[in-house]
Amino acid sequence: MAAVDAGVRRLLADSGEARTWVSPRTDLVMALLGVWFGVGLMIDAWAHSNLAQLETFFTPWHAAFYSGFAAVSAWIIWQVYRNVRAGRSGLAAVPNGYLAGLLAIPGFAAFGFADLMWHTLLGIEQTINILFSPSHLGLIVTMMLIITTPLRSAWNAPDIGDRPRLSRLLPALIGLGFGATLVSLFVSYGNAMQWSANGVVRAFSDVNDDGGAGALAASMIITNVVLLAPVLLLQRRWRLPFGSLTVLSVVGVLMPGAQTAFRNLPILLTFVAAGLVGDLLNQWLRPSRERRAAYWAFAGLSAFATWSLYIAVASLMAGRLPAVPELWTGAPVVAGLIGLALGVLLLPNAAPTEAGESGARRA
């Protein structure tokens with residue numbers, strides 16, 4: 001036992017080397033295993049939303065979910081083990097960007113066991129209470145740390161620069177996209193991507209139906225923030241290549257699609273189209289941390305365009321416009337203003353350019 005304890009202490013004691021970066025291919029494998037993990041959760045979300053009387057923890061969809069966790073965990077641990085075999089120990093053995101994911105692995109396992117006990121003692125939730133279960137909240141937080149590992153790895157990677165190619169940024173986009181879907185899952189009670197076209201038109205046709213117009217308006221605001229915040233975060237770090245927002249949008253519609261069994265496909269495809277519009281706006285405006293006005297303009301215009309498309313497609317599919325013009329004309333404007341406010345909040349002041357910084361140092 002003493003020898004084991006001494007070995008553990010040697011493993012945890014930092015050997016002092018600078019932490020290393022993994023290769024882009026390693027991050028890509030991590031992202032693809034994260035797809036397995038994330039899609040497993042989507043299958044589970046589909047089951048809870050569409051199947052009646054789930055009576056056991058041991059289901060095929062839980063198997064898909066937890067096998068994905070095993071795969072991403074094994075990959076993270078393997079990266080650390082490779083460094084240990086090279087003589088590193090402690091933090092020096094953990095690649096840059098992988099520490100939070102590594103620490104989240106035992107946390108996720110513990111919350112998974114807690115979820116098993118919760119379901120065994122209290123049953124299987126299938127209504128809104130599933131989104132507030134303590135074990136589920138623990139699972140989602142630790143899963144967020146694991147699945148966004150490629151984003152943290154890429155954030156300061158020395159080979160990526162400020163203007164990365166889409167292929168180089170893809171693992172980070174996949175990781176962040178699936179991270180955003182976790183948020184959309186746990187605010188499902190306010191997710192406008194789950195509404196049908198007829199439901200949108202019907203809700204905005206009756207100002208006296210507080211459960212309709214008010215619920216849709218609130219869902220649009222919540223979904224607007226969930227979709228836009230990750231994009232604005234990335235734009236503070238990189239000049240995003242064309243296609244980045246479309247990738248995020250494609251990933252983003254998968255969770256609400258799974259929950260609705262893709263019955264509202266036209267609405268979901270609207271958000272993919274909005275991602276393409278966002279890519280075009282991004283190319284035109286070139287928002288960045290140095291270009292504050294362009295950043296703010298993108299935040300407001302992309303939100304306005306997204307929700308204008310939403311109302312337009314819903315009306316087209318339903319065969320009529322909503323009956324209350326103030327609602328269907330004003331809702332995209334409100335979304336745009338909230339987008340603008342979010343942009344101001346995330347970038348209150350422009351960062352100086354490298355030339356400006358050099359001039360300041362010379363002065």
Backbone of [Y] reached by a side-chain donor or acceptor of [X] within 3.5 Å:
X: Arg237; Y: Trp155; answer: yes
X: Ser308; Y: Ala305; answer: no
X: Thr223; Y: Ala192; answer: yes
X: Ser153; Y: Pro150; answer: no
X: Thr148; Y: Leu151; answer: no
X: Asp115; Y: Ser135; answer: no

Would you say [X] and [Y] make side-chain contact, with heavy atoms under 4.5 Å?
X: Leu102; Y: Val80; answer: yes
X: Ile311; Y: Phe204; answer: yes
X: Ser188; Y: Gln194; answer: yes
X: Asn282; Y: Pro287; answer: yes
X: Val183; Y: Met144; answer: yes
X: Leu240; Y: Leu245; answer: yes
X: Arg19; Y: Leu99; answer: yes
X: Leu285; Y: Tyr295; answer: no

Can you hop from [X] to [Y] via hydrophobic side chains spaced under 4.5 Å?
X: Val225; Y: Phe304; value: no
X: Leu337; Y: Leu281; value: no
X: Ile147; Y: Leu233; value: yes
X: Val313; Y: Val277; value: no
X: Leu145; Y: Ile140; value: no

Tell me the ring-ring contact (aromatic ring centres under 6.0 Å, His included) pairs involving residues 246-268, sequence neighbours left out?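 Counting only pairs at least two positions apart or across chains, no ring-ring contact (aromatic ring centres under 6.0 Å, His included) contact touches residues 246-268.
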Does either side chain, that of Thr149 or that of Arg152, offer a donor lying less than 3.5 Å from an acceptor on the other one?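 A pair is found: one side chain offers a donor N or O, the other an acceptor, under 3.5 Å apart.
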Working to the nearest 0.5 Å, report the span between [atom1] of [X] and [atom2] of [Y].
X: Asn198; Y: Ile267; atom1: CG; atom2: CD1; value: 9.5 Å
X: Asn191; Y: Gln259; atom1: CG; atom2: CD; value: 7.0 Å
X: Trp78; Y: Asn83; atom1: CH2; atom2: CG; value: 11.0 Å
X: Met42; Y: Leu185; atom1: CE; atom2: CG; value: 9.0 Å
X: Phe111; Y: Ser133; atom1: CZ; atom2: OG; value: 10.5 Å
X: Leu228; Y: Ile338; atom1: CG; atom2: CD1; value: 10.5 Å

Members sharing Leu28's hydrophobic cluster (side chains within less than 4.5 Å):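 Its cluster mates, by chain and number, are Leu32.
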In the hydrophobic clustering (ILVMFWY, side-chain contacts below 4.5 Å, transitive), which residues join Phe242, or is it alone?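 For the cluster that includes Phe242, the remaining residues are Leu276, Leu280.
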Hey, what's the ring geometry for Phe65 with Phe108, parallel, tilted or perpendicular (30° and 60° as the breaks)?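 Perpendicular.
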Can you give me the closest heavy-atom contact between [X] and [Y], atom names plus distance?
X: Gly343; Y: Trp296; answer: O-NE1, 3.5 Å
X: Glu17; Y: Gly87; answer: OE2-O, 4.2 Å
X: Leu232; Y: Phe298; answer: CD2-CD2, 4.1 Å
X: Met143; Y: Gly38; answer: CE-CA, 3.8 Å
X: Ile43; Y: Ala64; answer: CD1-CB, 4.2 Å
X: Val39; Y: Phe178; answer: N-CE2, 4.1 Å

Please step through side chain to side chain contact (heavy atoms under 4.5 Å, CB included) for the pair Arg88 and Thr20, ending with a clear verdict. CA-CA 10 Å; Arg88 294 170 175 266; Thr20 59; 3.2 Å; yes
Under the criterion side chain to side chain contact (heavy atoms under 4.5 Å, CB included), I'd like the reasoning laid out for Ile160 against Trp238: C-alpha separation, chi angles, the key distance, then a yes or no. CA-CA 9 Å; Ile160 198 167; Trp238 291 296; 3.8 Å; yes
Identified side chain to side chain contact (heavy atoms under 4.5 Å, CB included) counterpart of Val29 within the set Asp27, Thr26, Leu33: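 Single pass found, and it is Leu33.
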Salt bridge (Lys or Arg N to Asp or Glu O under 4.0 Å) pairs, two or more places apart, involving residues 307-323: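 Counting only pairs at least two positions apart or across chains, no salt bridge (Lys or Arg N to Asp or Glu O under 4.0 Å) contact touches residues 307-323.
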Ignoring hydrogens and angles, write down the donor-acceptor pairs under 3.5 Å from the side chains of residues 327-335, residues two or more places apart or on other chains.
from	atom 1	to	atom 2	distance (Å)
Trp328	NE1	Pro322	O	3.3
Thr329	OG1	Pro325	O	2.5

Chi angles and distances behind the ring-ring contact (aromatic ring centres under 6.0 Å, His included) call for Trp307, Phe271: CA-CA 9 Å; Trp307 297 101; Phe271 289 95; 5.4 Å; yes
Just jot down the salt bridge (charged side-chain N to carboxylate O under 4.0 Å, His left out) partners of Arg289, sequence neighbours excluded, or say none.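 With neighbours one apart ignored, the set is Asp162.
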Could you walk me through whether Ile146 and Phe69 pass the side chain to side chain contact (heavy atoms under 4.5 Å, CB included) test, one step at a time? CA-CA 9 Å; Ile146 294 169; Phe69 163 65; 4.0 Å; yes
Apply side chain to side chain contact (heavy atoms under 4.5 Å, CB included) to the pair Met220 and Leu216, showing each step before the final yes or no. CA-CA 6 Å; Met220 290 173 65; Leu216 177 57; 4.1 Å; yes
If you count every heavy atom of other residues, nucleotides or ligands that lies below 6.0 Å from Tyr189 atom OH, does the total exceed 12?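 Yes - once you tally the heavy atoms of other residues, nucleotides and ligands closer than 6.0 Å, there are more than 12.
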